[in-house]
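The next block holds one structure in the form of structure tokens; read it before the comments.
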Amino acid sequence: MAIIKSFQAIRPAAGMASEIAALPYDVYNRQEAKAAVAGHPKSFLNIDRPETQFEDGYDMYAPEVYGKARDMIREMIADGDFVQDSPPGYYLYELIMNGRTQTGIVACASIDDYVSGVIKKHENTREEKEQDRIRHIDVCGMQTGPIFLAYRRDAQLSAIVAEVKEEAPCFDFTSEDGVTHRGWTIFEENKITQIENAFENIPQIYIADGHHRAASAVKVGLKRRAQHPDYTGEEEFNYFLSVLFPDEELMIMDYNRVVKDLNGLTEQEFLSKAAEKFVTEPSEEPVSPSRKGEIGMYLKSGWYRLRVKPEYQNSHPVDGLDVSVLQKELLAPVLGIADPRTDSRIDFVGGIRGLKELERRVHTDCEVAFAMYPTSIGELFDVADAGLLMPPKSTWFEPKLRSGLFLHEIE
């Protein structure tokens, strides 16, 4: 049973959503973040990446940097850019990208469900990446980036969502990347109870995107519990900001790989090694894999289509993933990349950047690129249900949830 809680969101004031909403903090490097906030003083990225308010080279993890984020939030609330709802409620967040719609329920999920495994993960987190968000949440006293959760479609929840969407949205705008964002409020007590009851019948929910944000929010909650040994479990720090989507509406894009060298091999030697495990065919056109077991590969000599030979295919939830087969049969034994989480010779390119980005990387700082067939939401659920973990960078979800549209205060 999943515990999903209504909350008093802090939201952009009427007409401010489009000016405040920002892509997640972790899609930018430091230079990109600094450029993105230039000329956009209300963008929430200023708060999510507060080092942008300091000189280049300033320690981005210094205490005063996180203090700046806290001060900016409080200033925007005092100036009326944000308002806080008085009754607790749920919200809907709809995103439309390239004609495809997905609508999630904005709510707070339980840190106990995360700890007990009712909320299932499919990726490991890295301590050093968690520490930044732990400090950000702790100092700000607020969760600012929603966790992208998924659940198996539920008819009752679908009916409630459809009914609410017949009402006028509380925000409606199209961002610069062409994605439309709409939101609705749910304050009616009957609907709140229906949503809570529906989730009580859902045995598990899944982290689709935001593993580090989730882990950080949970660790701050556990820290607050230690600081308040008389806690009741009802305090806001026992829950973390989430948007929950039905599985049928979600799309996972490819998450591609680029490698900086061929481990001392010539192109021909490397192709010969690849042909031992994969049927390898040159292609005059860029190769976007059309099915599981197929991989596009780009070298300076051009594109190739790789198909996994039957004897190297696998039905195991993790070992059978295309990213796992590529790692086990080619990246590790041939290119010498034993651990893709730590090896600086490999990099990962989200599918939203397209095949042209793979070609560009090969002609600038890499020698080979691999275009992957996307992992499916079903494969993600299978891995999580088995208590297993995917290789790093196995899934790329689009569109990205915007930060700043819903904030959850935990003080």
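- Shown here for Gly351 and Asn256, the closest heavy-atom pair between the two residues is CA-ND2, 4.1 Å.
- Residues Arg100 and Gln102 bring a donor and an acceptor atom of their side chains to less than 3.5 Å of each other.
- The two residues Thr375 and Met390 come nearest to each other via the heavy atoms CG2-CE, 3.6 Å.
- Within a 6.0 Å radius of CD in Gln227, other residues, nucleotides and ligands contribute more than 12 heavy atoms.
- Side-chain contact annotation: Trp303 with Glu359, donor-acceptor N/O pair under 3.5 Å present.
- Remark: the Thr125 side chain and the Glu130 side chain contain an N/O donor-acceptor pair separated by less than 3.5 Å.
- No side-chain donor from either of Ser110 and Lys5 sits under 3.5 Å from a side-chain acceptor of the other.
- A 6.0 Å sphere centred on NZ of Lys223 holds no more than 12 heavy atoms belonging to other residues, nucleotides or ligands.
- Among residues at least two apart or in separate chains, ring pair (Phe, Tyr, Trp, His ring centres under 6.0 Å) pairs with a member in residues 317-375 are Tyr298-His363.
- Aromatic ring pairs are classed by plane angle as parallel below 30°, tilted from 30° to 60° and perpendicular above 60°; the pair Trp396 and Tyr255 is perpendicular.
- Residue Ile352 is tested with Glu398, Lys400, Glu357 for a side chain to side chain contact (heavy atoms under 4.5 Å, CB included); the sole match is Glu398.
- Side chains of Thr144 and Asp48: a donor on one and an acceptor on the other come within 3.5 Å.
- Although no hydrogens or angles enter the test, the distance criterion places a donor-acceptor pair under 3.5 Å between the side chain of Asn46 and the main chain of Ser43.
- Between Tyr91 and Phe7, the gap from one ring centroid to the other is short of 6.0 Å.
- Nearest approach of Lys300 to Cys366, heavy atoms of both residues: NZ-O, 3.3 Å.
- Between Pro289 and Gly296, the shortest heavy-atom contact is CG-N, 3.6 Å.
- Taking 4.0 Å as the cut-off between side-chain N and carboxylate O, Lys393 and Asp347 do not count as a salt-bridged pair.
- Defined by atom type and a distance below 3.5 Å, a donor-acceptor pair is present between the side-chain atoms of Asn238 and Glu235.
- Within 6.0 Å of the CG atom in Asn98, the count of heavy atoms belonging to other residues, nucleotides or ligands does not exceed 12.
- Taking the six-membered ring for Trp and the full ring otherwise, Phe278 and Tyr304 have centroids separated by 6.0 Å or more.
- In this structure, the ring of Tyr206 has its center no less than 6.0 angstrom from the ring center of Tyr151.
- In the model, Ser175 has a side-chain atom that pairs as donor or acceptor with a side-chain atom of His181 under 3.5 Å.
- More than 12 heavy atoms of other residues, nucleotides or ligands sit less than 6.0 Å from atom NZ of Lys277.
- Residue Arg341 places its CZ atom among 12 or fewer non-hydrogen atoms of other residues, nucleotides or ligands, all under 6.0 Å distant.
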